[in-house]
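As C-alpha cells, the structure follows; a few thoughts come after it.
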Amino acid sequence: MKVKRFLTEEPSIRKTLLRGTAVWLLLISAEVLHGIARTALLAPKTGDFKARQISVFSGSVLILSITYLTIRWVGSRNKNTLLRLGIVWLLLTLLFEFVLGRKGLHLSWHRLLSDYNLRKGGLQPIGLAIMTGAPLLMERLKSRHQHLL
C-alpha cells in the first residue's frame with residue numbers, strides 16, 4: 001500500500017496516527033528512563049547483557065500498561081488501523097534505537113544487533129513484537145473490561 005493512500009484513505013486514520021505518535025513519544029520516553037534505570041541499578045548486579053534480557057520483559061509490561069491507559073484516546077477500534085499503528089510504532093522504535101545507539105551512544109553495530117539475535121540470547125524481537133501488537137491487544141482487552149463493568 002502506498003504511504004500517501006495509507007495516510008489519506010480515511011480521516012480517522014490520520015487522527016489515530018497523530019495521536020498514536022504522541023503515545024509512542026510517551027512510550028519511548030518511558031523506555032529511555034527504563035534503560036537508564038536498568039543501566040544504573042540492574043546491570044551492575046547482573047551484567048549488561050543479562051540486564052538487557054530482563055528489561056525486555058519489564059519494558060514490555062511498561063509498554064502494555066501505557067498502551068492500555070491511552071488506547072481509547074488514540075481514537076480507533078478498527079483492527080487494521082490498530083495493526084498499522086503498531087507497525088508505525090515498530091518502525092519508529094527501530095529508527096530511534098539505531099540512530100540513538102550509533103550517533104548518540106556510539107555503540108558498534110555488533111553491540112546493537114546482539115539484542116536482536118534470538119539464537120544468542122538477544123530478546124529484543126520479543127519486545128518489538130509486543131510493541132507492534134500492543135495497540136490491538138490493549139484495545140481488545142479494554143473492550144472486554146468495558147463489557148464486564
Side-chain angles (χ1 to χ4, degrees), residues 1 3 6-7 13 15-149:
M1 174 182 284
V3 172
F6 171 70
L7 294 175
I13 288 178
K15 176 183 150 189
T16 297
L17 289 176
L18 286 172
R19 287 185 174 193
T21 301
V23 171
W24 178 82
L25 288 169
L26 177 63
L27 289 170
I28 210 67
S29 298
E31 283 294 326
V32 166
L33 293 174
H34 180 251
I36 292 168
R38 175 197 72 227
T39 301
L41 303 173
L42 188 58
K45 295 177 180 165
T46 64
D48 182 56
F49 190 70
K50 188 71 161 176
R52 290 189 320 233
Q53 289 177 314
I54 293 167
S55 72
V56 166
F57 299 103
S58 57
S60 294
V61 169
L62 189 61
I63 289 165
L64 292 171
S65 298
I66 291 170
T67 304
Y68 182 82
L69 294 172
T70 60
I71 196 62
R72 290 292 164 92
W73 177 78
V74 168
S76 180
R77 293 185 175 180
N78 180 281
K79 177 182 176 181
N80 289 331
T81 301
L82 293 168
L83 286 172
R84 289 174 181 173
L85 178 59
I87 291 167
V88 168
W89 285 1
L90 169 68
L91 296 173
L92 287 172
T93 301
L94 288 170
L95 180 66
F96 179 83
E97 284 188 4
F98 287 111
V99 169
L100 176 66
R102 290 292 293 159
K103 301 295 182 185
L105 302 174
H106 308 289
L107 299 174
S108 70
W109 282 112
H110 181 267
R111 162 53 186 85
L112 286 170
L113 294 174
S114 68
D115 288 334
Y116 294 88
N117 189 339
L118 288 169
R119 289 191 292 174
K120 292 190 176 183
L123 301 177
Q124 193 65 356
I126 295 168
L128 291 174
I130 289 169
M131 176 178 267
T132 303
L136 181 60
L137 291 170
M138 293 300 99
E139 169 53 38
R140 297 296 181 248
L141 184 62
K142 193 92 169 188
S143 291
R144 287 186 184 184
H145 284 160
Q146 293 295 324
H147 287 111
L148 294 175
L149 297 177

Enumerate donor-acceptor pairs with a distance under 3.5 Å from any side-chain N or O in residues 121-132 to protein atoms, sequence neighbours excluded.
residue, atom, partner, partner atom, Å
Gln124, NE2, Glu97, OE2, 2.7
Thr132, OG1, Leu128, O, 2.8

Quick one: CG on Asn78 to CG on Leu85, what's the gap to the nearest 0.5 Å? 11.5 Å
Nearest non-hydrogen partners of Ile66 and Thr70, listed with the distance: O-OG1, 2.9 Å
Are Val32 and Ile36 packed together at the side-chain level, in the sense that at least one heavy-atom pair is separated by less than 4.5 angstrom? yes
Lys142 to Leu69 - nearest heavy-atom pair and separation: NZ-CA, 4.5 Å
Nearest atoms (heavy-atom pairs only) where Ile63 meets Ala134: CG2-CB, 4.1 Å
Under a 3.5 Å distance rule, please check whether Ser108 uses its side chain to pair with a backbone N or O of Arg111 as donor and acceptor. yes
Could you give the distance from CD (Glu31) to OG (Ser58), rounded to the nearest 0.5 Å? 8.0 Å
Any non-hydrogen side-chain atom of Leu136 less than 4.5 Å from a side-chain atom of Arg140? yes
Taken to the nearest 0.5 Å, the spacing of Leu41 CG from Ser55 OG works out to 12.0 Å
Sorted by chain and number, sequence neighbours left out, side-chain hydrogen bond (donor to acceptor under 3.5 Å, both in side chains) with Thr93 holds for Trp24
Nearest-0.5 Å distance, CG of residue Asp48 to CD of residue Gln53: 10.5 Å
Contact check, side chains of Arg19 and Ile71, non-hydrogen atoms, under 4.5 Å: no
side-chain hydrogen bond (donor to acceptor under 3.5 Å, both in side chains) partners of Asn117, counting only residues at least two apart: none
On a heavy-atom basis, the closest approach of Ala51 and Arg38 is O-CD, 3.4 Å
Looking at side-chain heavy atoms only, is the closest gap between Ser143 and Met138 below 4.5 Å? no
Verify side-chain hydrogen bond (donor to acceptor under 3.5 Å, both in side chains) between Thr39 and Arg52, making sure each step is shown before the conclusion. CA-CA 9 Å; Thr39 301; Arg52 290 189 320 233; over 6 Å; no
Note, Glu139 side chain near Lys79 side chain (heavy atom, < 4.5 Å): no
What pair of heavy atoms forms the shortest contact from Pro135 to Leu82, and how long is it? CB-O, 3.6 Å
Does the side chain of Leu33 come within less than 4.5 Å of Ser29's, by heavy atoms? no
Any Ile28 side-chain heavy atom under 4.5 Å of Trp89 side chain: no
Leu64 backbone acceptor or donor facing Thr67 side chain under 3.5 Å: no
So do the side chains of Arg102 and Leu107 get within less than 4.5 Å of each other, counting heavy atoms only? no
